[in-house]
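One-based numbering, in listed order, for ligands and for the atoms of each.
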Amino acid sequence: MRETGPMTATPLTAAATAAPSQRSAQRGSYWITTFGCQMNKADSERMAGILEAMGYREAPAELEADLVLYNTCTIRDNAEQKVYSYLGRQAQRKRTNPNLTLVVAGCVAQQEGESLLRRVPELDLVMGPQHANRLDTLLAQVEQGQQVVATDEHHILEDITTARRDSAVCGWVNVIYGCNERCTYCVVPSVRGREQSRLPEAIRLEIEGLAAQGFKEITLLGQNIDAYGRDLPGITPEGRRQHTLTDLLRFVHDVKGIERIRFATSHPRYFTERLIDACADLPKVCEHFHIPFQSGDDAVLRAMARGYTIDRYRRIIERIRERMPDAAISADVIVAFPGETDAQYRRTLDLIEEIGFDQVNTAAYSPRPGTPAADWPNQLSEAVKVERLRELNALVEAKAKQRSARYAGRIEEILVEGPNPKDPDQVMGRTRTNRLTFVPAARPEGGMWQPGDLVAARIEQVRAFSLSGTLA
Ligand code: SAH
Ligand code: SF4
Ligand code: F3S
């Protein structure tokens, strides 16, 4: 499997390990390229698991694979265009190798549907994200000679196949699919559909399975994870929803073997004090919060239909820092949203200056088909986008560097994910606050640190987005 550069993600790093799967008839080899966010990656891992259960094995290289699956992203235009250039290459290959099976899954598939087949007639299967768990059924139709498009609204079934995960240490666990928000720039609700929460028991079962396989860290995933449970029935005696993210964290917290729990992505509109208190009280929940703010200006936030003010955002961060003073805060932000004035853009810079983020994913606004803001007349020029993004990125890096400085000389717990691909004498892992950290691979008592080991490291070098240490 390959990723083409994460959109908002914590990159997966550990060496690939195949989960055992019951193999049926030997089929050919497969290759999956993942273009999107963590949810998209989690879908890829489940689809890889299904392929292996069907008898496919992973191809050594994309150009040798008998089945090529692109799990696509359409969050911005450049993500979508990348897919078309990749597809062009495979379509050409198919003309000389008619046995090649070509699959487009994910968010471009959902957005384009049938029209993808017109654009790339060589495709065998176009399938939206809600159909990921049905890959085997859909491929059976392909094997009967059909060209298949699966993009209808679909109730997501519990997946019974074992995902084939990229990491043996850190596992993604979907807890809610879809998004019911209507941010005016965003294509996700139309490609990922309505919110569907999984039942807490199913989530816990998956986490217990991961723990049994030796996983040490889990990240609970949802596009708007604070919405978890609002589509599930049940009211507590105190009159609140029975199923919330806070309750879920408490429900899964004691799974033996899991040392660290993370969750993403948080929405400032729904982030509660109750959740902050639970994170502070539950020892496995890591002190890292990814809470996109998108803009530092209230009028822009209103135009984006985000449903909170900057004051509310500040209060959330203050409360987190009251309870967990060392917490890392990361975010996403968009510049050059339609109509954003220079003064409004400066407020975004001011907020970054003020909060001191550990990491910010930045993007220039990209008009997306079918979203309200794409049709507004007050679009900004490419030149403004480029200039604002450049200045913003420089500030983000400077602030990240300042935040990294606090680690110098400290002893940090690192969860080893695997070898440093650039230096075999080092392993890499993360602090609880999610800073990538490199430490010597050799253990003092002989042998090497292995993925899943917890290492106490004294931090000696600090860089904007990573640290290096020695054994403490
Ligand atoms: N659910 C998350 C974000 C999901 S999309 C949230 O609500 O914050 C990931 C990020 O892509 C967003 O946070 C946003 O910063 C960016 N993004 C989404 N649509 C975009 C667009 N049309 N142009 C530029 N960036 C966009
Ligand atoms: Fe998109 Fe808004 Fe939903 Fe996030 S909350 S996925 S930005 S619509
Ligand atoms: Fe991209 Fe779809 Fe995720 S559009 S960011 S892969 S939800």
Side-chain angles (χ1 to χ4, degrees), residues 3-9 33-44 70-80 82-83 104-112 127-130 132 172 174 176-195 221-228 230 263-271 289-296 300-301 303-308 313 330-338 340 348 357 359-376 379-380 385 388-389 392 396:
E3 289 166 26
T4 71
M7 309 292 304
T8 59
T33 299
T34 306
F35 293 81
C37 61
Q38 288 110 320
M39 266 127 299
N40 196 243
K41 285 181 202 159
D43 292 345
S44 287
Y70 290 148
N71 196 13
T72 60
C73 173
T74 183
I75 199 77
R76 288 180 281 277
D77 187 57
N78 55 2
E80 182 181 350
K82 192 146 88 183
V83 176
V104 178
C107 295
V108 175
Q110 185 65 36
Q111 177 183 278
E112 297 301 314
M127 54 186 286
Q130 295 188 350
W172 314 113
N174 277 105
I176 177 169
Y177 303 102
C179 177
N180 288 6
E181 298 302 303
R182 282 285 172 270
C183 304
T184 51
Y185 51 83
C186 184
V187 77
V188 169
S190 76
V191 291
R192 290 258 161 186
R194 305 285 299 168
E195 288 166 3
L221 288 183
Q223 274 299 357
N224 170 6
I225 199 158
D226 302 278
Y228 174 75
R230 64 183 178 186
F263 57 87
T265 299
S266 303
H267 196 307
R269 183 180 200 164
Y270 303 104
F271 205 95
F289 300 91
H290 183 67
I291 319 177
F293 65 93
Q294 311 300 2
S295 165
V300 174
L301 287 176
M304 290 175 163
R306 288 287 290 177
Y308 54 86
Y313 189 82
S330 61
D332 300 348
V333 58
I334 299 174
V335 290
F337 186 72
E340 184 189 66
T348 294
F357 289 95
Q359 162 86 289
V360 183
N361 302 313
T362 62
Y365 170 72
S366 167
R368 305 311 294 132
T371 60
D375 296 330
W376 296 348
Q379 306 290 325
L380 301 186
K385 289 181 182 178
R388 287 186 185 172
L389 194 57
L392 174 74
V396 164

Side chains of Arg76 and Tyr185: do they bring a donor and an acceptor to under 3.5 Å?
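Absent: no donor and acceptor within the cut-off.
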
Answer yes if the side chains of Asn71 and Ser44 hold a donor-acceptor pair under 3.5 Å, and no otherwise.
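There is such a pair (donor and acceptor under 3.5 Å, judged by atom type) between the side chains of Asn71 and Ser44.
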
Roughly how far, to the nearest 0.5 Å, is the [atom2] atom of [Y] from the [atom1] atom of [X]?
| X | Y | atom1 | atom2 | result |
| --- | --- | --- | --- | --- |
| Cys37 | Ile75 | SG | CD1 | 7.5 Å |
| Asp43 | Trp172 | CG | CH2 | 12.0 Å |
| Asn78 | Cys73 | CG | SG | 9.0 Å |
| Lys82 | Thr33 | NZ | OG1 | 10.0 Å |

Counting only heavy atoms, tell me which of Arg368, Gln223, Arg306, Arg269 gets closest to atom 2 (C) of ligand 1.
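Shortest heavy-atom distance from atom 2 (C) of ligand 1: Gln223.
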
Numbered atoms and elements of ligand 1 in range of [X], under 4.0 angstrom, heavy atoms:
| X | result |
| --- | --- |
| Ala363 | 25 (N) |
| Asp332 | 9 (C), 10 (C), 12 (C), 13 (O), 15 (O) |
| Ile334 | 14 (C), 15 (O), 17 (N), 25 (N), 26 (C) |

Enclosure of Arg269 CZ (heavy-atom neighbours >12, cutoff 6.0 Å):
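Atom CZ in Arg269 is packed in, count exceeds 12.
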
Mark up the atoms of ligand 3 that fall under 4.0 Å of a heavy atom belonging to [X], in ascending order.
| X | value |
| --- | --- |
| Gly36 | 6 (S) |
| Cys37 | 3 (Fe), 5 (S), 6 (S), 7 (S) |
| Asn40 | 6 (S) |
| Cys73 | 1 (Fe), 4 (S), 5 (S), 6 (S) |

Between Thr265 and ligand 1, does any nitrogen or oxygen pair lie at a separation below 3.5 Å?
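No - when backbone and side-chain N and O of Thr265 are compared with those of ligand 1, no distance drops under 3.5 Å.
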
Would one find an N or O of Ser266, backbone or side chain, under 3.5 Å from an N or O of ligand 1?
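No.
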
Could you list which atoms of ligand 2 come closer than 4.0 Å to a heavy atom of Cys183?
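The atoms of ligand 2 under 4.0 Å from a heavy atom of Cys183 are 2 (Fe), 5 (S), 7 (S), 8 (S).
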
Any heavy-atom pair between the side chains of [Y] and [X] that's under 4.5 Å?
| X | Y | result |
| --- | --- | --- |
| Leu301 | Tyr308 | yes |
| Arg368 | Asp77 | yes |
| Asp332 | Phe293 | no |
| Ile334 | Glu340 | no |
| Gln359 | His290 | no |
| Arg192 | Gln110 | no |

Between [X] and ligand 1, which residue portion shows a heavy-atom distance shorter than 4.0 Å: side chain, backbone, both, or neither?
| X | value |
| --- | --- |
| Ile75 | both |
| Gln294 | side chain |
| Arg76 | side chain |
| Ser366 | both |
| Ala364 | backbone |

If we set the cut-off at 4.0 Å for heavy atoms, which region of [X] has an atom near ligand 2: side chain, backbone, both, or neither?
| X | value |
| --- | --- |
| His267 | side chain |
| Pro292 | neither |
| Gln294 | neither |
| Cys179 | side chain |

Please determine whether any non-hydrogen atom of Asn224 lies less than 4.0 Å from an atom of ligand 1.
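Flag not set, Asn224 not near ligand 1.
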
Worked verdict on Glu80 versus Gln111 for side chain to side chain contact (heavy atoms under 4.5 Å, CB included)
CA-CA 10 Å; Glu80 182 181 350; Gln111 177 183 278; 3.3 Å; yes

Which bit of Arg192 is near ligand 3, meaning a heavy atom under 4.0 Å away: side chain, backbone, both or neither?
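The side chain, only.
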
Can you tell me the protein heavy atom closest to [atom] and the distance?
| atom | result |
| --- | --- |
| atom 8 (S) of ligand 2 | Pro189 CG, 3.5 Å |
| atom 7 (S) of ligand 2 | Tyr185 OH, 3.3 Å |
| atom 1 (Fe) of ligand 2 | Cys186 SG, 2.3 Å |

Measure up the Phe271 and Phe289 rings against each other and bin them: parallel (under 30°), tilted (30 to 60°), perpendicular (over 60°).
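Rings of Phe271 and Phe289: perpendicular, over 60°.
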
Which label fits Phe35 and Tyr70: parallel for a plane angle under 30°, tilted from 30 to 60°, or perpendicular past 60°?
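Perpendicular, since the angle between the ring planes exceeds 60°.
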
Contact check: Cys107 to atom 3 (Fe) of ligand 3, N/O/S below 2.8 Å
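Not a single backbone or side-chain N, O or S atom of Cys107 is under 2.8 Å from atom 3 (Fe) of ligand 3.
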
Taking the non-hydrogen atoms of Gln223, is any one of them nearer than 4.0 angstrom to ligand 3?
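Within the 4.0 Å threshold, so yes.
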
